[in-house]
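Naming: A, B, ... by sequence-line order, numbering from 1 per chain. All figures in this text were calculated on a predicted structure; none of them were measured in a lab. Just so it is clear, the values below take in all heavy atoms, side chains as well, and ignore hydrogens, waters and symmetry mates.
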There are 4 protein chains.
Amino acid sequence: MSESPEPEPVDGRAARAQQRRHQRRSEILAAATQVFREKGYHAASVGDIIEAARIARGTFYLYFNGKREIFTELASEFLSLIRGSVRKITLDPGAPPPIEQMRANFRRVMGTVLAHDDLATIMLRDPSEVDLEGRAQMQQFFDQVIGLIELAVRTGRSLGFARDCDDHIIAVSALGALREVLRRMLAARAEAARAEAEGLDVAPSRALLIDTERLADELVTFFVRGVFT
Amino acid sequence: MSESPEPEPVDGRAARAQQRRHQRRSEILAAATQVFREKGYHAASVGDIIEAARIARGTFYLYFNGKREIFTELASEFLSLIRGSVRKITLDPGAPPPIEQMRANFRRVMGTVLAHDDLATIMLRDPSEVDLEGRAQMQQFFDQVIGLIELAVRTGRSLGFARDCDDHIIAVSALGALREVLRRMLAARAEAARAEAEGLDVAPSRALLIDTERLADELVTFFVRGVFT
Amino acid sequence: MSESPEPEPVDGRAARAQQRRHQRRSEILAAATQVFREKGYHAASVGDIIEAARIARGTFYLYFNGKREIFTELASEFLSLIRGSVRKITLDPGAPPPIEQMRANFRRVMGTVLAHDDLATIMLRDPSEVDLEGRAQMQQFFDQVIGLIELAVRTGRSLGFARDCDDHIIAVSALGALREVLRRMLAARAEAARAEAEGLDVAPSRALLIDTERLADELVTFFVRGVFT
Amino acid sequence: MSESPEPEPVDGRAARAQQRRHQRRSEILAAATQVFREKGYHAASVGDIIEAARIARGTFYLYFNGKREIFTELASEFLSLIRGSVRKITLDPGAPPPIEQMRANFRRVMGTVLAHDDLATIMLRDPSEVDLEGRAQMQQFFDQVIGLIELAVRTGRSLGFARDCDDHIIAVSALGALREVLRRMLAARAEAARAEAEGLDVAPSRALLIDTERLADELVTFFVRGVFT
DNA sequence: CATGAATGAGCTTTCATTCAT
DNA sequence: CATGAATGAAAGCTCATTCAT
């Protein structure tokens with residue numbers, strides 16, 4: 001835009017450089033996501049990533065400090081996405097009923113997971129696959145999710161909706177159920193995609209391939225009936 | 001029986017030898033269990049195992065063909081234990097009500113998991129941590145568990161107890177809930193033990209430290225109310 | 001034979017023991033021969049040998065100091081056999097003409113090689129396969145053979161039969177020719193045997209499967225007269 | 001050709017890089033040749049090679065897939081050299097007499113062997129030292145040589161020069177003679193060199209240390225005329 | 001900035017040999 | 001004598017990371 005030959009070029013150059021740098025980063029992250037999804041964290045090597053990103057070995061270390069760091073970055077990204085999908089349940093007069101808010105949360109999370117299935121596939125795996133640091137990060141995130149659910153249940157009970165139960169156990173159960181369903185939903189979809197690609201019309205575990213809204217509803221119903229009166 | 005003075009001692013020697021051999025195997029398996037629990041399958045090296053078992057490198061390969069095989073063996077052991085804890089739900093006239101049978105199953109599984117917490121800690125991790133072969137084995141096991149739960153729900157519905165729902169999704173959810181609860185229960189207990197050992201009286205997530213019967217009951221109630229009418 | 005209960009039993013026992021010991025040794029040697037033939041010296045492991053001999057690991061070291069020693073023993077045996085097949089050429093009045101004596105030597109060597117084809121197959125391989133010590137032993141033997149041939153040529157020349165040539169080069173050539181022919185003859189026979197065993201009637205390199213007398217004659221003629229007229 | 005100031009230096013860099021890469025390869029090959037010559041294929045370890053080449057373990061695997069591959073490469077190189085030294089015998093009017101052509105072939109092969117004595121020392125050993133794949137390669141090469149000699153003999157016979165004999169046996173014999181002579185010639189020269197290096201003037205097997213032309217001639221004469229008159 | 005050759009610690013596995021039973 | 005469990009040195013190979021160009 002700025003054709004001025006000398007005064008601004010420094011800024012312009014710097015900006016362009018930074019932009020290019022950012023784009024490179026994204027490309028590498030995208031490549032790493034693919035690789036991690038296919039091979040898992042451990043089996044994936046830096047060699048796999050640089051091959052997928054079509055960059056030189058050294059370039060990788062120009063953008064990331066190592067395999068762990070790139071994973072940590074992906075984890076952060078995913079956690080942000082999921083956090084962005086969840087709204088705290090409010091009792092404001094004009095707001096929809098709490099259960100509807102919860103249903104909306106489930107739906108949004110599922111939508112986000114589907115929209116970023118590569119990332120989600122990686123992150124829904126057990127944290128034990130990663131090393132200590134990454135593990136802690138994911139642990140913390142899931143703990144927060146549990147906190148949210150506990151809050152929801154407590155809120156429900158204070159309104160006289162929820163039965164008497166151990167909130168923590170219920171929350172852990174709900175998280176576990178959600179994770180397992182999402183995991184298997186992603187696996188089923190991946191397999192269905194693979195089957196279609198190969199021309200086979202094998203339909204594995206049809207139940208998990210229904211549209212996400214119904215899936216979310218089914219989960220919410222299970223959760224609600226289990227907890228609320 | 002003994003026609004010559006030799007046969008008995010020979011048998012005796014052979015028997016003792018075989019017994020010692022068996023014991024060594026068990027020792028190595030025990031050491032491997034500890035190592036896998038602490039480091040996870042991937043991070044654990046054969047070197048770690050032989051160090052823990054205090055044997056020479058070669059000795060390990062005298063009893064197992066490699067890291068994968070020893071893991072497979074542990075997996076088989078655990079799967080057998082869990083299978084042994086689950087009874088199919090029967091509608092025989094004299095049998096307890098189905099829900100009680102289910103509750104008993106949950107309790108037995110929890111008891112088994114607690115009794116073999118090292119093994120369970122390893123196996124409740126995501127199968128993705130292991131290589132293809134081991135993964136398939138665990139996948140298959142969990143699929144079977146899902147099948148059992150589906151059957152239970154179908155049975156309940158045929159008796160007019162269960163509401164209309166997608167059996168597969170419910171079963172996946174239940175499995176996920178159970179896994180997550182067990183995982184965190186084991187983690188909580190391990191941490192509590194560690195804290196106690198160090199003299200600290202940090203009490204993390206007290207809810208998961210209650211006695212297993214109540215834990216199982218809580219889970220069953222959640223499951224039952226969610227599904228049954 | 002001696003039924004006397006006490007006086008001689010010591011000798012008898014000792015003799016019997018020694019005899020058994022000798023037989024064991026032979027069995028192990030036979031097993032090792034088979035193994036070496038099939039796998040070659042390096043690829044053959046002590047494990048292979050004790051498996052073939054159906055003895056325990058320790059037993060092997062009761063009879064031999066190690067892999068090298070058993071090979072050395074086999075080499076000695078083969079060298080003795082070959083030495084026993086060769087007669088020095090004599091100019092005694094009653095003796096057959098020198099060339100006939102040489103032809104007889106070739107024939108006998110070939111017969112011996114055929115009669116001990118396992119051993120011969122191993123030993124006709126290059127000494128480099130074995131370690132330094134064994135190599136030296138075989139080198140020495142072949143040097144002796146070369147000495148014999150040199151002597152024969154010198155003798156022939158002193159009688160006016162042989163042309164002017166470098167005896168050593170001729171002897172080395174003759175030895176090389178003999179070794180190569182024997183090696184390939186054994187290989188051809190082994191393959192023919194294998195083909196027959198499998199029911200196939202593939203006939204590889206027919207020329208080397210003719211009877212040994214003709215093969216020996218062909219070699220001697222080549223040695224004596226060369227190829228061209 | 002060059003539209004911008006950059007292209008040349010870039011090419012230059014790439015070219016230099018490739019050149020250096022090629023040189024490294026050659027260095028490793030040279031080191032491996034030395035090691036194989038001294039220890040033989042089996043006894044030589046990758047560790048020996050990297051030590052001789054003064055490179056790190058990983059570097060070796062950057063250039064070769066393993067011990068076998070580097071050996072295969074050396075074998076190919078040697079076989080090419082030898083193939084390049086042999087000309088088919090022609091009956092063209094202007095060509096020298098067949099026997100002279102054969103003598104020239106022998107001389108050229110000997111010259112090549114001497115010029116690449118390390119490589120030749122390794123490759124003249126028995127193929128049995130190498131594993132199956134390398135063995136097949138060498139077997140094939142020697143079979144081709146035999147084919148060439150057979151052709152020469154047949155040609156000679158069609159011209160009325162050669163006597164009636166079994167071509168295959170003659171060819172195998174000639175090959176064996178040549179191999180043994182070359183092998184011992186190389187060994188004698190190596191030992192002579194060693195003796196000289198140590199200041200000793202031990203002269204082992206003088207006959208094989210004569211100039212190659214005379215050695216080749218001696219062999220050809222033996223091949224053509226045999227020994228006796 | 002980008003490159004990719006180089007590094008070396010670390011892995012799994014094999015195998016000749018010893019020694020208590 | 002016979003056994004075979006135990007040993008540990010040493011092999012081949014991988015891969016995250018560095019650094020001179």
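As judged by a 4.0 angstrom heavy-atom cut-off over every strand, C:Ser45 is placed among residues touching the sugar-phosphate backbone only. Counting any heavy atom pair closer than 4.0 Å across all strands shown, B:Arg20 reaches no nucleic acid atom. Among the atoms of the strands shown, only primed sugar atoms or phosphate atoms (P, OP1, OP2) are found under 4.0 Å from some heavy atom of B:Arg24. No engagement by C:Phe60 is indicated, since no non-hydrogen atom pair under 4.0 Å with the nucleic acid exists.
Contact of the B:Arg24 side chain with the B:Leu62 side chain is not registered, since no non-hydrogen atoms from C-beta on lie closer than 4.5 Å. Here the side chains of B:Tyr41 and B:Ile122 are not in contact, with every heavy-atom distance at 4.5 Å or above. Side-chain contact between A:Phe64 and A:Leu29 is present, with heavy atoms from C-beta onward closer than 4.5 Å.
Across the protein-nucleic acid pair, B:Gln19 atom CD and F:dA5 atom P stand 15 Å apart, rounded to whole Å. Atom CD1 of B:Ile28 is separated from atom C1' of F:dT7 by 13 Å (rounded to the nearest Å). In this structure, B:Gln18 atom CD and F:dT3 atom C1' are separated by 15 Å, rounded to whole Å. As a whole-Å value, the separation of A:Ile50 CD1 from E:dT3 P is 10 Å. The separation between C:Glu51 atom CD and F:dT3 atom C1' is 16 Å, rounded to whole Å. Atom pair C:Leu62:CG and E:dT17:P shows a separation of 15 Å (rounding to whole Å applied). Summarising the geometry, the separation between OH on A:Tyr41 and P on F:dC15 is reported as 14 Å, rounded to the nearest angstrom. Straight-line distance from the CZ atom of B:Arg16 to the P atom of F:dA5: 15 Å, rounded to whole Å.
Contacts between residues 64-77 of chain B and DNA chain E, defined by a heavy-atom separation under 4.0 Å, are made by B:Gly66, B:Lys67.
With distances taken from any side-chain atom of D:Thr59 to the nucleotides E:dT7, E:dA2, F:dA5, the minimum falls on E:dT7. Here the nucleotide nearest the side chain of D:Ala56, chosen from E:dT7, F:dT7, F:dT17, is E:dT7. When distances are taken from the side chain of B:Tyr61 to each of F:dG8, F:dC1, E:dT14, the shortest belongs to E:dT14. You'll find that the side chain of B:Arg57 is closest to E:dT12, out of E:dT12, E:dC1, E:dG10.
Scanning DNA chain E for stems, defined as runs of 3 or more consecutive Watson-Crick or G-U wobble pairs whose donor-acceptor distances all fall under 3.5 Å, gives the following ranges: E:2-21 with F:2-21.
Between A:Phe36 and A:Phe71, the ring planes lie perpendicular to each other; the angle is over 60°, past the 30° to 60° tilted range.
Each of B:Ile55 and C:Ile55 was matched to the nucleotide of DNA chain F holding its nearest heavy atom; the match closer to the 5' end belongs to C:Ile55. Position along DNA chain F of the nearest nucleotide to C:Arg54 versus D:Gly58 favours C:Arg54 as the more 5'-ward residue.
Interatomic distance, CG of B:Leu119 versus CG of B:Leu79, reported as 8.5 Å (0.5 Å rounding). Rounded to the nearest 0.5 angstrom, C:Leu74 CG and C:Met123 CE are separated by 5.0 Å. To the nearest 0.5 Å, the span separating CZ on D:Arg25 from CZ on D:Arg21 amounts to 7.5 Å. Atom CZ of B:Arg57 is separated from atom CD of B:Glu51 by 10.0 Å, given to the nearest 0.5 angstrom.
D:Asp48 and D:Ser45 share a side-chain donor-acceptor pair at under 3.5 Å.
Listed for the B:Arg37 side chain is no donor-acceptor partner under 3.5 Å among the backbone atoms of B:Thr121.
Distances shown here put a side-chain N or O of B:Tyr63 below 4.0 Å from the OP1 or OP2 atom of F:dA6.
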